[in-house]
Novice: 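Supplied in structure tokens, the structure appears directly below.
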Amino acid sequence: MPISGFPEWLPPQRIIEQRFLDKIRSTFELYGYAPLETRAVEPLDILLSKGETSKEVYLLHRLQEDENAKREDQLGLHFDLTVPFARYVVENNGKLQFPFKRYQIQKVWRGERPQEGRYREFLQADIDVINRDTLPFHFDTEMPLVIGDVFRSLPIPEAVILVNNRKVCEGFYRGLGLADTAQVLRVVDKLDKIGPEKVAAALVETAGATDAQAAACLALAEISATDGSFVDRVRALGVTDPLLDEGLNELLQVVETANEHNPGLVRAELKIARGLDYYTGTVYETQLKGYERFGSITSGGRYDNLASAGNTRFPGVGISIGVSRLLGLLFGQDALTVSRSVPTCVVVAVPSDDKRAECDRIASALRRRGIPAEVAPTAAKFGKQIQFADRRGIPYVWFPGEPDTVKDIRSGEQIEADADSWQPPAADLHPDVSAR
RNA sequence: GUGGUCGUAGCUCAGCUGGUAGAGCACCGGGUUGUGGUCCCGGGGGUCGCGGGUUCAAGUCCCGUCGAUCACCCCA
């Protein structure tokens, strides 16, 4: 029986997932991110220190647990890859070269109620850059470029990365005269859910805003642009604050850099805030065209205060692809296909049981040259053996004989072939993953 | 974690106001002594998610539980 929130795919789906992971990994490496894997568990106090205590963390218990085990010794499964990474950097900071760029593709666990595209165990693909003391801003502009390249390499619908900067919001609210900027942010974040009227009312009630201040917050949240025009629109609201200027400048850099390399990829969207409270500047979210209602499939941001050791700070910026969500949604819409359900490219037909050894030799010769091959399970009628391949989407059946022949069962074409030299078209060598 | 909807063969579903299960597709075999995907014939397969209750009798009513899904929460 399945366990709620712990999805298990079928082989064709796993083939698609692996192909996605191959593309993600190679793109990350093209940008110079180093591979890293951290343990599945962290001490509970690490997991909860910066995040909220309301985090749905899975705890690890030993069957023979000591009753008076201390709470700080309690282990929990990590719910993201950023917090463990920050811990890892602090722990190994003497052995790492900074700025340190790494990617991490691992399972994470959250004890929330599952729904479509929301799981309790799921795969994330993260990139982060962490530096000692200060981290140059241009790394914030690199994140969308990497993700944009990943998206371009995958057979998925168009995606738009929505970007904002918390300094813009905080500076704006402060310049407006609102002291509790965090509360304003929390309320404004609900704009899409509850609408502008209720947000305005909540700002007045819970953040001490006047009607005019609330209106200004909403005006800021409405701003959205695919180019640098958002700067003037913010300025037109007449609020001034040094932090606001800093944020606008940063956000502008992200948008302009993206437009130079990948036009249409990024959109400044001043209403997005992101849930995680450790972000201090740039924040990213991603909408997949046609799947907007299922939430962000890629997100992250800048965190200047997540990690520190003594007097040394380790600011970072990162972004994470929700691989399981992305695949779960696309699977749900039947939006992806694979050409076959197994890696096999050639089935070697077995004419009779006494010829099996010869068939094994043929398969070996093919494999030696990198052609995935398997010998038919039984010396059934050739029709059955062809059917065996057809059911799995395997494109070729090899018939031992004098001479050997190989049949492309899609076209029916059958030609003489030598196991030491025959080569299938490159496109047939491995399962082909594509949009349906 | 809170609340709503749903759960019958591998898949899509039918089963009236309760009387102890069906179709199509898929699968297996044969027609086709050996090169498939069409067609024809035949066949296997379900303790009706699971557990309990009401009833002479439950797939059909009630409760619980598990799973899927939706909203909240949170977020990939």
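Numbered from 1 within each chain, the chains take letters A, B, ... in sequence-line order.
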Novice: Could you state the atom-to-atom distance from CG of Leu59(A) to C1' of rG1(B) in whole Å?
Specialist: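 Answer to the nearest Å: 14 Å.
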
Novice: Taking atom types as modelled, find out whether Thr206(A) and Gln183(A) have a side-chain donor-acceptor pair closer than 3.5 angstrom.
Specialist: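 Present: a donor and an acceptor within the cut-off.
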
Novice: Only pairs with both distances under 3.5 Å count, Watson-Crick or wobble alike; so what is the partner of rG64(B) in this structure?
Specialist: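 Checking every strand shown, rG64(B) finds its partner in rC50(B), with both distances under 3.5 Å.
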
Novice: Would the distance check show the side chain of Asn262(A) and the main-chain N or O of Leu265(A) forming a donor-acceptor pair, the cut-off being under 3.5 Å?
Specialist: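 Not at all, since once roles are kept as given, no pair shorter than 3.5 Å links the two residues.
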
Novice: In whole Å, measure the gap between the C1' atoms of rG45(B) and rA9(B) for me.
Specialist: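 Comparing C1' positions in rG45(B) and rA9(B) gives a spacing of 7 Å.
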
Novice: Listing time: all N or O pairs from protein to nucleotides 35-42 of chain B that are below 3.5 Å?
Specialist:
{"unit_1": "rU35(B)", "atom_1": "O2", "unit_2": "Lys407(A)", "atom_2": "NZ", "d": "3.4"}
{"unit_1": "rU35(B)", "atom_1": "O2", "unit_2": "Gln414(A)", "atom_2": "OE1", "d": "3.4"}
{"unit_1": "rU35(B)", "atom_1": "N3", "unit_2": "Gln414(A)", "atom_2": "OE1", "d": "3.2"}
{"unit_1": "rU35(B)", "atom_1": "N3", "unit_2": "Gln414(A)", "atom_2": "NE2", "d": "3.3"}
{"unit_1": "rU35(B)", "atom_1": "O4", "unit_2": "Gln414(A)", "atom_2": "NE2", "d": "3.2"}
{"unit_1": "rG36(B)", "atom_1": "O4'", "unit_2": "Gly383(A)", "atom_2": "O", "d": "3.4"}
{"unit_1": "rG36(B)", "atom_1": "O6", "unit_2": "Ile409(A)", "atom_2": "O", "d": "2.9"}
{"unit_1": "rG36(B)", "atom_1": "N1", "unit_2": "Ile409(A)", "atom_2": "O", "d": "2.6"}
{"unit_1": "rG36(B)", "atom_1": "N2", "unit_2": "Asp390(A)", "atom_2": "OD1", "d": "2.5"}
{"unit_1": "rG36(B)", "atom_1": "N2", "unit_2": "Asp390(A)", "atom_2": "OD2", "d": "3.1"}

Novice: Would you jot down, in residue-number order, the residues of residues 190-203 of chain A having a non-hydrogen atom under 4.0 Å from RNA chain B?
Specialist: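 Lys190(A), Lys193(A), in order of number.
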
Novice: Side-chain donor-acceptor pairs under 3.5 Å in residues 373-384 of chain A, sequence neighbours left out?
Specialist:
{"unit_1": "Glu374(A)", "atom_1": "OE2", "unit_2": "Thr344(A)", "atom_2": "OG1", "d": "2.6"}

Novice: Quick one: list whatever passes side chain to side chain donor-acceptor pair (under 3.5 Å) with Glu246(A), sequence neighbours left out.
Specialist: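 Result, side chain to side chain donor-acceptor pair (under 3.5 Å) vs Glu246(A): Lys167(A).
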
Novice: Under 4.5 Å between any side-chain heavy atoms of Ser324(A) and Pro7(A), yes or no?
Specialist: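 In short, these two side chains do not touch, never coming nearer than 4.5 Å.
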
Novice: Is it true that Phe85(A) and Phe100(A) have ring centroids separated by less than 6.0 Å?
Specialist: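 Yes, ring centres under 6.0 Å apart.
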
Novice: What distance, rounded to whole Å, do you find between the two C1' atoms, one in rC16(B) and one in rG36(B)?
Specialist: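 Looking at atom C1' only, rC16(B) and rG36(B) are 45 Å apart.
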
Novice: Taking the six-membered ring for Trp and the full ring for Phe, Tyr or His, determine whether the centres of Trp109(A) and Phe6(A) are under 6.0 Å apart.
Specialist: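 Ring-ring flag for Trp109(A)/Phe6(A): false, centres at least 6.0 Å apart.
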
Novice: When we call it a touch if two heavy atoms are under 4.0 Å apart, what does Ala389(A) touch: a base, just sugar-phosphate, or nothing?
Specialist: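 Here Ala389(A) touches no strand at all.
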
Novice: Checking Glu416(A) against Thr405(A): is there a side-chain donor and acceptor pair closer than 3.5 Å?
Specialist: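 No donor-acceptor contact under 3.5 Å links the two side chains.
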
Novice: Check each residue of residues 22-37 of chain A for a non-hydrogen atom within less than 4.0 Å of any atom in RNA chain B, then write out the ones that pass by number, or none.
Specialist: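 When residues 22-37 of chain A is checked for heavy atoms under 4.0 Å from RNA chain B, there are no hits whatsoever.
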
Novice: With rounding to whole Å, what would you report as the distance between rG19(B) and rC13(B) at their C1' atoms?
Specialist: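 To the nearest whole Å, 24 Å.
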
Novice: Take atom CZ in Arg367(A); do more than 12 heavy atoms of anything else shown fall under 6.0 Å from it?
Specialist: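 Atom CZ in Arg367(A) is crowded, with more than 12 foreign heavy atoms closer than 6.0 Å.
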
Novice: Is the shortest distance from a Lys or Arg side-chain nitrogen in Glu17(A) or Arg14(A) to a carboxylate oxygen in the other one below 4.0 Å?
Specialist: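 A salt bridge is present here (some side-chain N lies under 4.0 Å from a carboxylate O).
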
Novice: Got a sec, which residues hit salt bridge (charged side-chain N to carboxylate O under 4.0 Å, His left out) with Asp408(A), two or more places apart in sequence or on another chain?
Specialist: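 Counting only residues at least two positions away or on another chain, Asp408(A) forms a salt bridge (charged side-chain N to carboxylate O under 4.0 Å, His left out) with Arg410(A).
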
Novice: Taking RNA chain B as the partner, which of residues 297-304 of chain A come within under 4.0 angstrom of it by heavy atom?
Specialist: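 By residue number: Ile297(A), Thr298(A), Ser299(A).
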
Novice: Can you sort out the partners of Phe98(A) under ring pair (Phe, Tyr, Trp, His ring centres under 6.0 Å), two or more places apart, ordered by chain and number?
Specialist: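 Only Phe314(A) meet the ring pair (Phe, Tyr, Trp, His ring centres under 6.0 Å) criterion with Phe98(A).
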
Novice: Using the 3.5 Å cut-off, write out each protein N or O paired with an N or O of nucleotides 63-70 of chain B and the distance between them.
Specialist:
{"unit_1": "rG67(B)", "atom_1": "OP1", "unit_2": "Ser4(A)", "atom_2": "N", "d": "2.9"}
{"unit_1": "rA68(B)", "atom_1": "OP2", "unit_2": "Ser4(A)", "atom_2": "OG", "d": "2.5"}
{"unit_1": "rC70(B)", "atom_1": "OP2", "unit_2": "Glu116(A)", "atom_2": "N", "d": "2.8"}

Novice: Say we look at rG59(B) and rU8(B): how far apart would their P atoms be, to the nearest angstrom?
Specialist: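 Roughly 15 Å separates the two P atoms.
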
Novice: Please measure how far the P atom in rC50(B) lies from the corresponding atom in rC75(B), and state the result in whole Å.
Specialist: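 Looking at atom P only, rC50(B) and rC75(B) are 38 Å apart.
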
Novice: How close or far is atom C1' of rC75(B) from atom CG of Leu123(A), stated in whole angstroms?
Specialist: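 After rounding, the gap between these two atoms is 16 Å.
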
Novice: Using a 4.0 Å heavy-atom cut-off across all strands, classify Ala380(A) as base, sugar-phosphate, or nothing.
Specialist: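 Counting heavy atoms under 4.0 Å across all strands, the contact made by Ala380(A) includes a base.
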
Novice: Can you tell me, in whole Å, how much space there is between the P of rG52(B) and that of rC11(B)?
Specialist: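 After rounding to an integer number of Å, I get 25 Å for this pair.
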
Novice: Thinking salt bridges, do Arg267(A) and Glu269(A) make one under a 4.0 Å N-O criterion?
Specialist: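 Salt bridge flag = yes for Glu269(A) with Arg267(A).
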
Novice: In this structure, how many angstroms lie between the C1' atom of rC25(B) and the CZ atom of Arg391(A), rounded?
Specialist: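 Rounding to the nearest Å, CZ of Arg391(A) and C1' of rC25(B) are 13 Å apart.
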
Novice: Take atom CD1 of Ile319(A) and atom C1' of rA76(B), then tell me their distance rounded to the nearest Å.
Specialist: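 Checked: the CD1 to C1' distance equals 11 Å.
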
Novice: Does the side chain to side chain contact (heavy atoms under 4.5 Å, CB included) test come out yes or no for Tyr284(A) and Val266(A), once each step is laid out?
Specialist: CA-CA 9 Å; Tyr284(A) 314 97; Val266(A) 160; over 6 Å; no

Novice: If rC25(B) has a Watson-Crick or G-U wobble mate with both distances under 3.5 Å, name it; if not, just say none.
Specialist: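 The answer is rG10(B), by the H-bond criterion.
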
Novice: Any side-chain heavy-atom pair from Leu306(A) and Tyr279(A) closer than 4.5 angstrom?
Specialist: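 The answer is no; the side chains never approach within 4.5 Å.
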
Novice: Tell which nucleotide pairs with rG34(B), taking only Watson-Crick or G-U wobble pairs whose two distances are both under 3.5 angstrom.
Specialist: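 Here rG34(B) is not engaged in any pair, so there is no nucleotide opposite it.
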
Novice: Find which nucleotide of RNA chain B each of Ser296(A) and Ser352(A) is nearest to by heavy atoms, and output the residue with the more 5' nucleotide.
Specialist: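 Residue closer to the 5' terminus by nearest nucleotide: Ser352(A).
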
Novice: How many Å lie between CG on Asp353(A) and C1' on rG34(B), as a whole number?
Specialist: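 One finds 13 Å between C1' of rG34(B) and CG of Asp353(A), rounded.
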
Novice: Indicate yes or no: does Glu91(A) engage Arg87(A) in a salt bridge with an N to O separation below 4.0 Å.
Specialist: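 A salt bridge links Glu91(A) with Arg87(A).
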
Novice: Mind calculating the distance between CD (Gln104(A)) and C1' (rA76(B)) to the nearest angstrom?
Specialist: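 Taking atom C1' of rA76(B) as the reference, CD of Gln104(A) is at 15 Å.
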
Novice: Once ring pair (Phe, Tyr, Trp, His ring centres under 6.0 Å) is applied, do any residues pair with Phe20(A), and if so which ones, sequence neighbours excluded?
Specialist: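 Partners of Phe20(A) by the ring pair (Phe, Tyr, Trp, His ring centres under 6.0 Å) criterion come out as none, since no residue qualifies.
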
Novice: Which distance, rounded to the nearest 0.5 Å, do you find between the OG1 of Thr141(A) and the CG of Leu252(A)?
Specialist: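 Answer for the OG1-CG pair, Thr141(A) versus Leu252(A), is 11.5 Å.
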
Novice: Set out, line by line, the N/O atom pairs under 3.5 Å between protein and nucleotides 43-46 of chain B.
Specialist:
none

Novice: Could you tell me the separation between the CZ atom of Arg186(A) and the P atom of rC75(B), rounded to a whole number of Å?
Specialist: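 Roughly 11 Å, once rounded to whole Å.
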
Novice: If we take the P atom in both rG30(B) and rG34(B), what is their distance in whole Å?
Specialist: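 Their P atoms lie roughly 15 Å apart.
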
Novice: Which residue pairs pass the salt bridge (Lys or Arg N to Asp or Glu O under 4.0 Å) test with at least one member in residues 137-158 of chain A, sequence neighbours excluded?
Specialist: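 Salt bridge (Lys or Arg N to Asp or Glu O under 4.0 Å) check on residues 137-158 of chain A returns Lys101(A)-Glu142(A), Asp140(A)-Arg302(A), Asp149(A)-Arg152(A), Glu158(A)-Lys289(A).
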
Novice: In whole Å, measure the gap between the C1' atoms of rC73(B) and rG64(B) for me.
Specialist: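 25 Å, rounded to whole Å.
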
Novice: What distance do Leu44(A) atom CG and Leu60(A) atom CG have between them, rounded to the nearest 0.5 Å?
Specialist: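 These two atoms lie 11.5 Å from each other.
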
Novice: Scan every strand shown for a Watson-Crick or G-U wobble partner of rG44(B), both distances under 3.5 Å, and answer none if you come up empty.
Specialist: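 Here rG44(B) is not engaged in any pair, so there is no nucleotide opposite it.
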
Novice: For Phe388(A) and rG34(B), give me the distance from atom CZ to atom C1', rounded to whole Å.
Specialist: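 These atoms are roughly 18 Å apart.
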
Novice: Is the Tyr103(A) to Phe28(A) ring centre distance short of 6.0 Å?
Specialist: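 Judged by ring-centre distance (under 6.0 Å), Tyr103(A) and Phe28(A) do meet the cut-off.
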
